[in-house]
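Residues: numbered from 1 along the sequence shown.
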Amino acid sequence: MIKSFSYALVLLLVFFSCNEQEKSAVQLLAQAQSHYEAKEYFAAKSCLDSLKAGYPKQIAEQKQALQLMRRIDLSEQERNLLYMDSLLPIKENEIAELRKKFVFQKDAQYEDQGKYLSPQQVELMERQVSCLRSGVREDGLLYLASRYCGSIPLEHRQIIIRLDESTYTQSQAIPKDGGLNYSFVDGGMYTEIVTYLGEKAEEVVHFVCDNKDKKLQIEYVGKKHFKMNLSQGDKQSIYLSANLATAMAEVMKIGLEKEKSSQRIKYLKEKLDY
């Protein structure tokens with residue numbers, strides 16, 4: 001008799017415990033739904049996370065929580081897409097304004113990518129002078145090109161930019177390959193051009209932009225070294241190129257995020273049977 005009573009008591013306790021578990025899970029689900037309807041998505045997800053972690057055996061509530069989490073995700077993705085759609089034309093207008101300060105050049109016979117150059121850079125290309133060229137490729141990639149013109153070869157492969165003896169930065173080294181690092185001789189004058197693409201120029205670009213109103217020295221590093229002051233025109237061109245490249249990169253990123261959100265929305269609608 002005592003054993004039967006104890007067994008019945010245990011069943012009763014389990015019953016009430018299960019009821020309490022279900023009640024708590026239902027309450028969390030209701031709270032999450034209320035936050036969702038109020039567009040309080042972070043609070044809604046917190047409730048659902050608590051439900052998932054605290055009441056894994058409440059299968060019915062877990063299934064409802066999963067669907068609600070998907071609806072929250074869908075709402076967030078749609079909100080993000082609207083934001084990016086509104087931001088994109090602003091950034092595209094910004095690029096259009098920046099491009100007015102550049103000349104676009106492309107040799108269709110030899111180049112896959114056109115490039116945006118400042119007028120000052122275009123002028124320098126027509127003269128036989130040492131300089132630090134800069135530009136932005138059609139795909140948004142920023143580049144620098146150290147050009148040396150002199151009566152003796154340097155065989156340089158990188159550059160150092162100095163503010164003073166203790167404050168400087170340097171590019172990555174580019175091995176001679178006939179493409180990004182090449183040279184030629186014309187009338188006894190040696191010309192060397194080394195191109196630093198993207199991250200290989202990144203530190204130099206940041207350093208020049210941060211110090212564009214200060215006197216900077218450029219040093220060509222090779223078998224021989226050559227130093228000269230970096231012209232104000234070169235510094236300004238690098239600054240403008242950096243701004244254009246940054247704006248173009250932002251537009252590309254927005255495009256990728258839009259595609260990512262669109263794919264996510266499509267997936268969620270399939271799962272929610274919209």
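The main-chain N or O of I160 is never found under 3.5 Å from a side-chain atom of Q170 such that the two would form a donor-acceptor pair. For the pair N229 (side chain) and Q217 (backbone), a donor-acceptor distance under 3.5 Å is absent. Judged by distance alone, with hydrogens and angles left aside, the side-chain atoms of T167 form no donor-acceptor pair with the main-chain N or O of D164 at under 3.5 Å. Listed for the S262 side chain is a donor-acceptor partner under 3.5 Å among the backbone atoms of K258. Looking only at distances, no side-chain donor or acceptor of S34 sits under 3.5 Å from a matching main-chain atom of A30. No side-chain donor-acceptor contact under 3.5 Å links D186 to the backbone of M189. Distance alone, capped at 3.5 Å, places no donor-acceptor pair between the T169 side chain and the F207 backbone. Judged by distance alone, the side chain of K235 and the main-chain N or O of K214 form a donor-acceptor pair under 3.5 Å. The main-chain N or O of D139 is found under 3.5 Å from a side-chain atom of Q113 such that the two form a donor-acceptor pair. The backbone N or O of P89 sits less than 3.5 Å from a side-chain atom of N93, completing a donor-acceptor pair.
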Determine, stepwise, if the pair I265 / L74 fulfils side-chain contact (heavy atoms from CB on, under 4.5 Å). CA-CA 6 Å; I265 288 169; L74 178 61; 3.8 Å; yes

Passes side-chain contact (heavy atoms from CB on, under 4.5 Å), R133 versus R147? Steps please. CA-CA 7 Å; R133 286 162 34 187; R147 183 168 74 168; 4.1 Å; yes

Does E78 form a salt bridge (Lys or Arg N to Asp or Glu O under 4.0 Å) with R264? I'd like the steps, not just the answer. CA-CA 10 Å; E78 289 175 336; R264 183 66 180 169; over 6 Å; no

For L197 and R137, run side-chain contact (heavy atoms from CB on, under 4.5 Å): C-alpha distance rounded to whole Å, both residues' side-chain angles, the deciding distance at 0.1 Å, then the answer. CA-CA 10 Å; L197 295 173; R137 292 195 331 190; 4.3 Å; yes

K253 and E250: salt bridge (Lys or Arg N to Asp or Glu O under 4.0 Å), yes or no, with the steps? CA-CA 5 Å; K253 184 178 179 182; E250 287 174 350; over 6 Å; no

Can you list the steps and then say if L272 with Q67 is a side-chain contact (heavy atoms from CB on, under 4.5 Å)? CA-CA 7 Å; L272 291 165; Q67 288 298 87; 3.6 Å; yes

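Separating the CD atom in E199 from the CD atom in Q172 is a distance of 6.0 Å, to the nearest 0.5 Å. The CG atom of L29 sits 7.0 Å away from atom CG of L48, with the distance rounded to the nearest 0.5 Å. The distance from atom CD1 of I238 to atom CG of L230, rounded to the nearest 0.5 Å, is 5.5 Å. Atom OG1 of residue T246 and atom NZ of residue K91 lie 9.5 Å apart, to the nearest 0.5 angstrom. In this structure, I174 CD1 and Y182 OH are separated by 14.0 Å, a value rounded to the nearest 0.5 Å. Here the CG atom belonging to L68 is positioned 10.0 Å from the CG atom belonging to L51, to the nearest 0.5 angstrom.
The 12-atom threshold is not exceeded at OH of Y83, counting heavy atoms of other residues, nucleotides or ligands nearer than 6.0 Å. Surrounding CG of D112 are at most 12 heavy atoms belonging to other residues, nucleotides or ligands under 6.0 Å away. Within 6.0 Å of the NZ atom in K101, the count of heavy atoms belonging to other residues, nucleotides or ligands does not exceed 12.
No side-chain donor-acceptor contact under 3.5 Å links T195 and K200. With hydrogens and angles left out, the side-chain atoms of Q27 and Q31 include no donor and acceptor closer than 3.5 Å. For the 3.5 Å distance criterion, the side chains of S46 and D49 fail to qualify, holding no donor opposite an acceptor. Side-chain contact of Q232 with Q236: a donor-acceptor pair under 3.5 Å is absent, judged by distance alone. Between the side chains of Y239 and S134, no donor N or O sits under 3.5 Å from an acceptor N or O.
At a threshold of 4.5 Å between non-hydrogen side-chain atoms, the residues E192 and P153 count as touching. In this structure the side chain of S146 reaches within 4.5 angstrom of the side chain of Y220, judged on heavy atoms. Contact of the L154 side chain with the H225 side chain is not registered, since no non-hydrogen atoms from C-beta on lie closer than 4.5 Å. For the pair D234 and Q121, the minimum side-chain heavy-atom distance is below 4.5 Å. The shortest distance between side-chain heavy atoms of L216 and R162 does not fall below 4.5 Å. Proximity of K39 to S75: side-chain heavy atoms (C-beta onward) are nowhere separated by under 4.5 Å. Contact of the I59 side chain with the K63 side chain is registered, since non-hydrogen atoms from C-beta on lie closer than 4.5 Å. With contacts defined as side-chain heavy-atom distances shorter than 4.5 Å, the pair K45/I72 qualifies.
When all heavy atoms are compared, the tightest approach of G135 to L142 is O-CD1, 3.2 Å. The two atoms that bring A44 and A32 nearest to each other are CB-O, 3.5 Å, heavy atoms only. Here the closest non-hydrogen pair linking Q158 and A173 is CB-CA, 3.8 Å. Nearest approach of S237 to Q120, heavy atoms of both residues: OG-OE1, 3.1 Å. Taking each heavy atom of V136 and Y143 in turn, the nearest pair found is N-CE2, 3.9 Å. Annotation for L81 and S261: closest pair CD1-CB, 4.3 Å, computed over non-hydrogen atoms.
Cluster membership for M248 and I254, using ILVMFWY side-chain heavy atoms within less than 4.5 angstrom, is shared. Under the 4.5 Å side-chain heavy-atom criterion for Ile, Leu, Val, Met, Phe, Trp and Tyr, V204 and M228 are members of the same hydrophobic cluster. Residues V103 and L244 share a hydrophobic cluster, clusters being chains of Ile/Leu/Val/Met/Phe/Trp/Tyr side chains in contact below 4.5 Å. When the side chains of ILVMFWY residues are joined at heavy-atom separations under 4.5 Å, either directly or via intervening members, L141 and L98 end up in a single hydrophobic cluster. Hydrophobic clustering of Ile, Leu, Val, Met, Phe, Trp and Tyr side chains at less than 4.5 Å, counting indirect connections, unites L132 with V122.
Between E155 and K224 there is no salt bridge, since no side-chain nitrogen of the basic residue lies less than 4.0 Å from a carboxylate oxygen of the acidic one. For the pair K100 and E97, the salt-bridge criterion is met [side-chain N within less than 4.0 Å of a carboxylate O]. Ion pairing between K115 and E111 holds under the 4.0 Å rule for side-chain N and carboxylate O.
Residues F226 and Y148 bring their aromatic ring centres within 6.0 Å.
Note: F102 and Y116 have perpendicular aromatic rings, judged against thresholds of 30 and 60 degrees for the angle between ring planes. Below 30°, between 30° and 60°, or above 60°: for Y41 and Y36 the angle between ring planes is between 30° and 60°, a tilted geometry.
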